[in-house]
Amino acid sequence: MADPKGFLRTPRQDWPRRPVAERVRDWDEVYVPGALLPIVSAQADRCMDCGIPFCHDACPLGNLIPEWNDLVSRADWRAASERLHATNNFPEFTGRLCPAPCEAGCVLAIDQPAVTIKNVECAIADRAWEEGFVPPRPPDRLSGRTVAVIGSGPAGLAAAQQLTRAGHTVVVYEKDDRLGGLMRYGIPEFKMEKHHLERRIDQMRAEGTKFRTSTVVGRDVEAGRLRARYDAVVIATGASAWRELSVPGRELEGVHQAMEYLPPANRVCEGDAETSPLSAAGRHVVIVGGGDTGADCLGTAVRQGAASVTQLDIYARPGAGRDEDADPWPTYPRIYRLSAAHEEAGELGTAPAADADARLFAASTLHFTGDERGRVAALHLVEVDEHRRPVDGTSRALPADLVLLALGFSGPDLSDGLLDRLGVALEPRGTIARDLNFTTNVPGVFAAGDAARGQSLIVWAIAEGRAVAAAVDRYLTGNTTLPAPIGPGDRPMGV
């Protein structure tokens, strides 16, 4: 470390956000452009000589965080980029989208604000692109082996890039018209502008990875024929089977899944349409679900000009600090966090009936009621206790002419017939079954990412992609030098 007393001298300073009144008028990223680099070296200096860096274990990629913090503090950006990319194919994605379990595991976080690891990571990645430190890395020679990767989310892209660089001929099949999976049509532009994604895809094309968009394997391409054509197949289709809310009135018009709402909004940003067919403009919006997808809907609805937006969270409002009994360090704590979308909703006062940031905590949906045209008009809710039992006398109704269900995902979508036609077995919970080598019950067919792990974080998806690439390389060649940061059964640190 460059400054042994940096963590004592320098307070934590995060990448500042643009003013709310400015950023809700556009779809650009919420942070002040150019404001990170002037502060990040001093922030990297806060990384202490902790002896055992628990941030390594908190991050499934095993990012070499103290090493690149030290290099950033010394302004050695090229070496910092090399150390960062040694464990992470797409640090500009994780630096923007990951909730940073590494910071929860920072030793400094025992009794002080953690090092701004996520901001430092993002700064390194962006500087690397500006300085040309990340050119394409095509293989020196080809192995003669072929691999099909189904799905172009973070797990599929990471697997494809690793296998291409190992010399295999890789073709990525994507059902949508553009690449990126949920990063393309699920993540709003204000969280990650899509030029970051395009830049990586261009890099992968230059390295030799081939892409086939608008192709549903199992429908447009016969699954058995695909398996016969390639030496190995990696299924990385994600967990896109959304969870339902089975309450009276669910059938009313105006009640939609979050992933029916977010993609059209992203397509507007892509230039495919002038307005979304599910725009929240002028409507009273209620979002059911307190997670990141719900927050994405919140920020999107605010930018579309909703009359009001309220988000329901079935959990009680968490405290401001870590509960050492429930979430002891270095696990990821459940604490009160204010995302950019919640900050916007709070400052604009989008939800008069809710708390300051538009969330109603400990709230459970009872049913919906509609108007004479069969459109949703109100959401009826009740407060619940810590066991999710209704509290007497707390039921009430919220006006709602657009309801968005953001309840998470249960596993891969089975409607295209891919898994059935390949004969791939499923776990009882609906995810793809696999062994310790990421292999399914079908020889030569592997599974990675949320399709097998279940709904998880982007950093786990990239780790899965890197690990399955090592498994495939070993299957094809008998040996591998590719890193495998995690195993199929590994899970985040918990109690």
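Just so you know, residue 1 is the first one in the sequence shown, and it goes up from there. Since we're looking at a predicted model, the values are computed, not measured.
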Residue pairs passing the ring pair (Phe, Tyr, Trp, His ring centres under 6.0 Å) test with at least one member in residues 240-275, sequence neighbours excluded, are none

Charged tip of Arg127 within 45° of Phe133 ring normal and under 6.0 Å
no

Is Arg184 paired with Glu198 through a side-chain N to carboxylate O contact shorter than 4.0 Å?
-> yes

Here the salt bridge (charged side-chain N to carboxylate O under 4.0 Å, His left out) pairs for residues 401-417, sequence neighbours left out, are none

Q.
Quick check: do Leu179 and Leu197 have side-chain heavy atoms less than 4.5 Å from each other?
A. no

State whether the number of non-hydrogen atoms from other residues, nucleotides or ligands found under 6.0 Å of Asp392 atom CG is greater than 12. no

Exactly one of Arg337, Arg17, Arg18 clears salt bridge (Lys or Arg N to Asp or Glu O under 4.0 Å) with Glu343, and that residue is Arg17

Counting only heavy atoms from other residues, nucleotides and ligands, does the tally under 6.0 Å from NZ of Lys175 exceed 12?
no

Taken in chain and number order and not counting sequence neighbours, the residues that satisfy side-chain contact (heavy atoms from CB on, under 4.5 Å) with Ala100 are Cys102, Glu103, Lys118

What pairs of donor and acceptor atoms, side-chain ones from residues 448-459 against any protein atom, are under 3.5 angstrom apart with sequence neighbours left out?
from	atom 1	to	atom 2	distance (Å)
Arg453	NE	Glu464	OE2	2.7
Arg453	NH1	Asp490	O	2.6
Arg453	NH2	Glu464	OE2	2.9
Arg453	NH2	Asp490	O	3.1
Gln455	OE1	Phe409	N	2.6

Compute whether any side-chain donor of one residue and acceptor of the other, for Ser152 and Glu174, lie under 3.5 angstrom apart.
yes

Quick note, salt bridge (charged side-chain N to carboxylate O under 4.0 Å, His left out) partners involving residues 358-368, not counting sequence neighbours, are Asp357-Arg359

Looking only at heavy atoms, the pair that brings Asn266 and Tyr185 closest together is ND2-O, 2.8 Å

Pair Glu92-Trp129, side-chain donor/acceptor within less than 3.5 Å: yes

Only residue of Arg388, Arg334, Glu386 satisfying side chain to side chain donor-acceptor pair (under 3.5 Å) with Tyr315 is Arg388

Quick note, ring pair (Phe, Tyr, Trp, His ring centres under 6.0 Å) partners involving residues 327-354, not counting sequence neighbours, are Phe54-Trp329

